[in-house]
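I have placed the structure first, in the form of structure tokens, so that the comments after it can refer back to it.
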There are 2 protein chains.
Amino acid sequence: MIFRIDPTAGVPLYEQLAAQVRVGISRGELTTGERLPAARDLADSLDVNVHTVLKAYQLLRDDGLVELRRGRGAVVAATATGDTAALHAAVRALADEAARLGTSPQTVISLLEEQLR
Amino acid sequence: MIFRIDPTAGVPLYEQLAAQVRVGISRGELTTGERLPAARDLADSLDVNVHTVLKAYQLLRDDGLVELRRGRGAVVAATATGDTAALHAAVRALADEAARLGTSPQTVISLLEEQLR
DNA sequence: CACTTGTTCTAGTAGCACTAGAACAACTAG
DNA sequence: CTAGTTGTTCTAGTGCTACTAGAACAAGTG
């Protein structure tokens, strides 16, 4: 899996990393048992501090998405169950509808957050 | 319109305010020409600094959602056009699907953000 | 004219994100 | 068993953002 971060995004780097793993798992690009890069390696290749990567991994552990063990690294714990196809279709449908109406991304996201609450 | 903020939410107060106005407009609870509370008043009732409220209003102005004029205050500029019913239905459909699969809110939001990019 | 309300400016405080380095503990592989 | 890997924990420092506070000002309202 390829990780990309944008230091100017305004979103914390560790949040960006965690988000990419969440999306990867949901899309099936990351499967149960698969190993994420060692924190030190990933930090090096992204030119970021180790602690930043570790914070992302710990967020994912708190969500139950990965397991962390010394010597073994970060391993994907939960793979998306059920048909994620419907979920992704719903995501696409919403994005399409928003584009059709010209609704700003921020508004759409706020509406979704409100609904998920 | 009733405004609520949560200082412990981790999200900036001015973002919370702006988000509520965006949602209100999209839902038709705020209509074109309607006036938002004066920044000083809203700041008082929320026990927040005036500058915080004004920052929210300025964000909304940058999005073209409200107009700001001295002496008159913040007025809703653009009302949602087209059938927002379909948009809100799509939002509900996505939230339902996520709940059915047990997908975390953060994952759903990340998926949507990715799709909106 | 008095009043309302956004605009702009200065200034200070608190917390978070990120970096840096080090020592340590658990696990893996040879 | 030994050496290497990798997460865990701790301390510490820097920079930026959010928020607060107070004041003077400008444009519009009634």
Side-chain angles (χ1 to χ4, degrees), chain A residues 1 3-21 30 32-78 106 110, chain B residues 1 3-21 30 32-78 106 110:
Chain A
M1 181 167 188
F3 290 91
R4 283 176 213 152
I5 54 175
D6 176 7
T8 72
V11 182
L13 301 179
Y14 61 85
E15 285 284 4
Q16 294 182 40
L17 288 175
Q20 284 174 56
V21 174
L30 290 171
T32 304
E34 192 168 344
R35 199 176 150 178
L36 298 181
R40 285 172 176 83
D41 290 353
L42 186 52
D44 262 19
S45 72
L46 292 177
D47 202 36
V48 150
N49 195 275
V50 194
H51 298 296
T52 303
V53 175
L54 281 170
K55 180 148 188 180
Y57 283 3
Q58 283 153 10
L59 277 186
L60 294 165
R61 181 189 50 190
D62 293 347
D63 283 3
L65 294 180
V66 305
E67 280 185 5
L68 300 182
R69 300 226 184 128
R70 311 183 228 212
R72 195 169 21 150
V75 179
V76 176
Q106 291 185 319
S110 294
Chain B
M1 180 167 188
F3 290 90
R4 283 176 212 151
I5 54 175
D6 177 7
T8 73
V11 181
L13 302 178
Y14 61 85
E15 285 284 5
Q16 294 181 40
L17 289 175
Q20 285 174 56
V21 174
L30 291 172
T32 303
E34 191 168 343
R35 200 175 148 178
L36 299 180
R40 286 172 176 84
D41 291 351
L42 186 52
D44 262 19
S45 72
L46 292 177
D47 202 36
V48 150
N49 195 275
V50 193
H51 298 298
T52 303
V53 175
L54 281 170
K55 180 147 188 182
Y57 284 2
Q58 283 154 11
L59 277 185
L60 294 165
R61 180 187 52 190
D62 293 347
D63 283 2
L65 295 179
V66 305
E67 281 185 4
L68 299 182
R69 300 226 185 128
R70 313 183 227 208
R72 194 167 26 148
V75 179
V76 176
Q106 291 185 319
S110 294

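All of these numbers come straight from a predicted model, not from anything done at the bench.
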For DNA chain D, whose closest nucleotide is more 5', that of B:Thr52 or that of A:Leu54?
->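 Going by which nucleotide is closer to the 5' end, it is A:Leu54.
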Can you tell me the distance, in whole Å, between the [atom1] atom of [X] and the [atom2] atom of [N]?
| X | N | atom1 | atom2 | answer |
| --- | --- | --- | --- | --- |
| A:Gln58 | D:dT6 | CD | P | 16 Å |
| B:Asp47 | D:dC19 | CG | P | 14 Å |
| A:Leu36 | D:dT6 | CG | P | 12 Å |

Show me, pair by pair, the donor-acceptor contacts under 3.5 angstrom made by side chains of residues 45-56 of chain A, not counting sequence neighbours?
| from | atom 1 | to | atom 2 | distance (Å) |
| --- | --- | --- | --- | --- |
| A:Ser45 | OG | A:Leu42 | O | 3.2 |
| A:Asn49 | OD1 | A:His51 | N | 2.9 |

Within residues 61-75 of chain A, residues whose heavy atoms come under 4.0 Å of DNA chain C | A:Arg70, A:Gly71
Output yes when at least one side-chain N/O atom of B:Lys55 is less than 4.0 Å from OP1 or OP2 of D:dC19, else no.
-> no
Quantified as the angle between the terminal helix axes (five pairs each), what is the overall bend of the helix from C:dC1-D:dG30 to C:dG30-D:dC1 to 10 degrees?
->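 Inter-axis angle at the ends, rounded: 50°.
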Could you list by number each residue of residues 7-20 of chain A showing a heavy-atom separation from DNA chain D of less than 4.0 Å, or answer none if no residue does?
-> none
Under 3.5 Å donor-acceptor pairs involving side-chain atoms of residues 13-21 of chain A, not counting sequence neighbours:
| from | atom 1 | to | atom 2 | distance (Å) |
| --- | --- | --- | --- | --- |
| A:Gln16 | OE1 | A:Asp6 | N | 2.8 |
| A:Gln16 | NE2 | A:Asp6 | O | 3.0 |
| A:Gln16 | NE2 | A:Val11 | O | 2.8 |
| A:Gln20 | OE1 | A:Arg4 | N | 3.0 |
| A:Gln20 | NE2 | A:Arg4 | O | 2.4 |
| A:Gln20 | NE2 | A:Gln16 | O | 3.4 |

Tell me, which pairs form a salt bridge (charged side-chain N to carboxylate O under 4.0 Å, His left out) where one or both residues lie in residues 60-73 of chain A, sequence neighbours left out?
-> A:Arg22-A:Asp63, A:Glu67-A:Arg69
DNA chain C: first to last nucleotide in contact with chain B (atom under 4.0 angstrom from a heavy atom), 5' to 3', is C:dT4 to C:dC9
NA contact type, B:Val48, heavy-atom cut-off 4.0 Å: base, sugar-phosphate, or nothing?
->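 Sugar-phosphate, backbone atoms only, no base.
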